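Treat the numbers as computed from the prediction; the structure is a model and nothing was measured. Numbers here are sequence positions counted from 1. Read the numbers this way: they start at 1 and go in the same order the structure lists the ligands and their atoms.
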Amino acid sequence: MNEESDQAKKWHIGSIKSFLVLCVVFALLILYWESQRKKTEFVPLTHLSKTRNVTILIWYWPFGSTFSLKGDVCWDLYKIPNCKLVDQRSLFPSADVVVFHNRELIAGTQRLPTELQRPGGQRWAWMSLESPAHNGNLHKFANIFNLTVSYRRDADVHTPYGELLPLESEGNLVNDSHINKTSLVCWVVSNYMNHHKRTQVYRELSATVPVNVYGSWNKKLLSSADLLPTISRCYFYLAFENSQAKDYITEKLWYNAYQGGAVPVVLGPPISDYKAVAPDHSFIHVDEFPSVQELGKHLQRLAKDRKQYEEYFTWKRNQRVKVHGDWREMLCKICLQYNSLPQHKVYSDLEAWDKT
Ligand SMILES: *[C@@H]1O[C@H](CO)[C@@H](O)[C@H](O)[C@H]1NC(C)=O
Ligand SMILES: *[C@@H]1O[C@H](CO)[C@@H](O)[C@H](O)[C@H]1NC(C)=O
Ligand SMILES: *[C@@H]1O[C@H](CO)[C@@H](O)[C@H](O)[C@H]1NC(C)=O
Ligand SMILES: *[C@@H]1O[C@H](CO)[C@@H](O)[C@H](O)[C@H]1NC(C)=O
């Protein structure tokens, strides 16, 4: 090899190197430009996007109480985009989902508009927050509904009475949960029925430990303003459901007990249903004890042990409870699920679904 070709080779290698460097720089530029482009595109996607709006029509308001639908309700109140909530029946032809609340249907004060031709792709939704024992006989609703809206975790649209959210910033755990407690156990009850399991548990418990009972049954009515302050003065609150059914955990736990700052003693679905949704070590389940007397003795011991009692509030360090809002929140939630709903689904036996 002569010197000249050696020189040429060096020059050749040099130019390949610079070419490669240029390529890398160019590729990086493209990547950067793409990422910027995506960033600017992201903003309209969340709200003013090209995605079409989903229209949810509430055929009649549950329990007859109407709510304002002014403005872009789902976005303004719950930051749920592309969701149009309406209550004018004239909008039936353009509705993607028409929602029927069960209570009025079984009471006969409202009926399904079965005479109307359903536009292709329109879904009818069955909505209920009651336990199966209070939903009535649903046999007549076979092959009508395409989706369910319920507190049940296996519903198409899950609308629990309350849920657990992470705290954005770490909460200050002030160990004052034992302060101002004047009663061991409290209970608020209006619907007191001999056949309820909770009535039997209450009777056995009150034979062991003192239970302060409020509500219309005991003629010690509490105004809504007095409810939480009253509960906050109790070590334990009986969050007893009126019926025992899968996932049926109501505001008695989420609002009365957790917001009131008393440790909930729960009676309802099995412990595993509570564990799936409630904070760790935040409640005491009646089933954990061989007898109600044992439960009573345990509560007495716990109230005297400040350290053990406070451990029931440790979850508040990084979690908080959100109690469900009004019906509009549930209806807007349908939009969140809309794109993942099955293409075709019919509840051929709603009664069987509800009662299992
Ligand atoms: C969706 O609804 C919002 C609020 O009503 C409206 O501003 C927007 O133009 C609608 N988008 C489409 C694609 O219809
Ligand atoms: C509260 O109690 C917990 C556990 O007993 C302890 O780790 C924490 O430091 C206490 N916080 C305060 C503010 O006393
Ligand atoms: C205890 O009660 C007093 C008087 O009602 C109130 O000011 C205080 O905030 C209460 N403390 C706690 C920890 O709830
Ligand atoms: C909804 O249910 C009706 C009545 O059974 C049925 O004809 C229709 O195909 C279903 N629609 C969807 C989207 O599943």
Side-chain angles (χ1 to χ4, degrees), residues 38 40-61 66-106 108 110-128 135-150 152-159 325-356:
K38 279 200 184 116
T40 52
E41 264 182 10
F42 187 68
V43 177
L45 258 181
T46 56
H47 190 205
L48 310 155
S49 85
K50 303 149 198 155
T51 337
R52 71 182 194 89
N53 289 328
V54 172
T55 301
I56 311 288
L57 167 61
I58 178 84
W59 196 245
Y60 47 86
W61 284 97
T66 57
F67 289 86
S68 162
L69 296 181
K70 282 210 192 83
D72 186 351
V73 181
C74 296
W75 178 258
D76 296 344
L77 297 181
Y78 313 112
K79 292 290 168 281
I80 295 175
N82 306 116
C83 192
K84 205 171 150 200
L85 194 56
V86 298
D87 61 1
Q88 298 100 312
R89 292 187 176 182
S90 57
L91 295 175
F92 178 85
S94 63
D96 297 294
V97 178
V98 186
V99 184
F100 303 92
H101 182 245
N102 184 61
R103 172 63 70 92
E104 290 76 13
L105 290 180
I106 54 162
Q110 294 285 349
R111 49 180 280 294
L112 293 167
T114 39
E115 71 285 359
L116 294 180
Q117 176 74 33
R118 280 195 219 187
Q122 183 181 82
R123 291 175 172 91
W124 284 18
W126 178 87
M127 177 166 74
S128 176
N135 276 335
N137 186 330
L138 305 177
H139 275 121
K140 56 182 173 295
F141 301 139
N143 293 308
I144 287 184
F145 293 102
N146 308 99
L147 66 110
T148 47
V149 181
S150 144
R152 266 171 63 171
R153 280 175 291 152
D154 60 355
D156 298 296
V157 180
H158 177 213
T159 54
D326 58 49
W327 295 99
R328 292 174 295 188
E329 184 171 18
M330 283 180 243
L331 296 165
C332 294
K333 264 192 170 176
I334 299 174
C335 287
L336 288 180
Q337 295 298 315
Y338 188 79
N339 288 316
S340 40
L341 290 172
Q343 278 303 308
H344 183 84
K345 184 171 184 176
V346 180
Y347 280 83
S348 58
D349 189 350
L350 189 66
E351 172 71 7
W353 181 81
D354 184 53
K355 304 297 187 280
T356 50

Checking D349 now: which residues fulfil side chain to side chain donor-acceptor pair (under 3.5 Å) with it, not counting sequence neighbours? none
Of all the atoms in ligand 1, which lie at a distance below 4.0 Å from a heavy atom belonging to D72? 4 (C)
Heavy-atom side-chain contact between K355 and E351 under 4.5 Å: yes
Between ligand 4 and the protein, tabulate every N or O atom pair separated by less than 3.5 Å, reporting distance only.
from: ligand 4; atom 1: 2 (O); to: R118; atom 2: NH1; distance (Å): 3.3
from: ligand 4; atom 1: 2 (O); to: N146; atom 2: OD1; distance (Å): 3.4
from: ligand 4; atom 1: 2 (O); to: N146; atom 2: ND2; distance (Å): 2.4
from: ligand 4; atom 1: 5 (O); to: N143; atom 2: O; distance (Å): 3.3
from: ligand 4; atom 1: 9 (O); to: H344; atom 2: ND1; distance (Å): 3.4
from: ligand 4; atom 1: 11 (N); to: N146; atom 2: ND2; distance (Å): 3.0
from: ligand 4; atom 1: 14 (O); to: N146; atom 2: ND2; distance (Å): 3.2
from: ligand 4; atom 1: 14 (O); to: K345; atom 2: N; distance (Å): 2.9
from: ligand 4; atom 1: 14 (O); to: K345; atom 2: O; distance (Å): 3.2

Please determine whether a side-chain nitrogen of the Lys or Arg among D96 and R52 lies less than 4.0 Å from a carboxylate oxygen of the Asp or Glu. yes
Option among W124, F141, W61 that satisfies the ring pair (Phe, Tyr, Trp, His ring centres under 6.0 Å) test with F100: W124
Just wondering, do D156 and K345 contact through their side chains at under 4.5 Å, heavy atoms? yes
Got N82 and C335 here, is their nearest side-chain heavy-atom distance under 4.5 Å? no
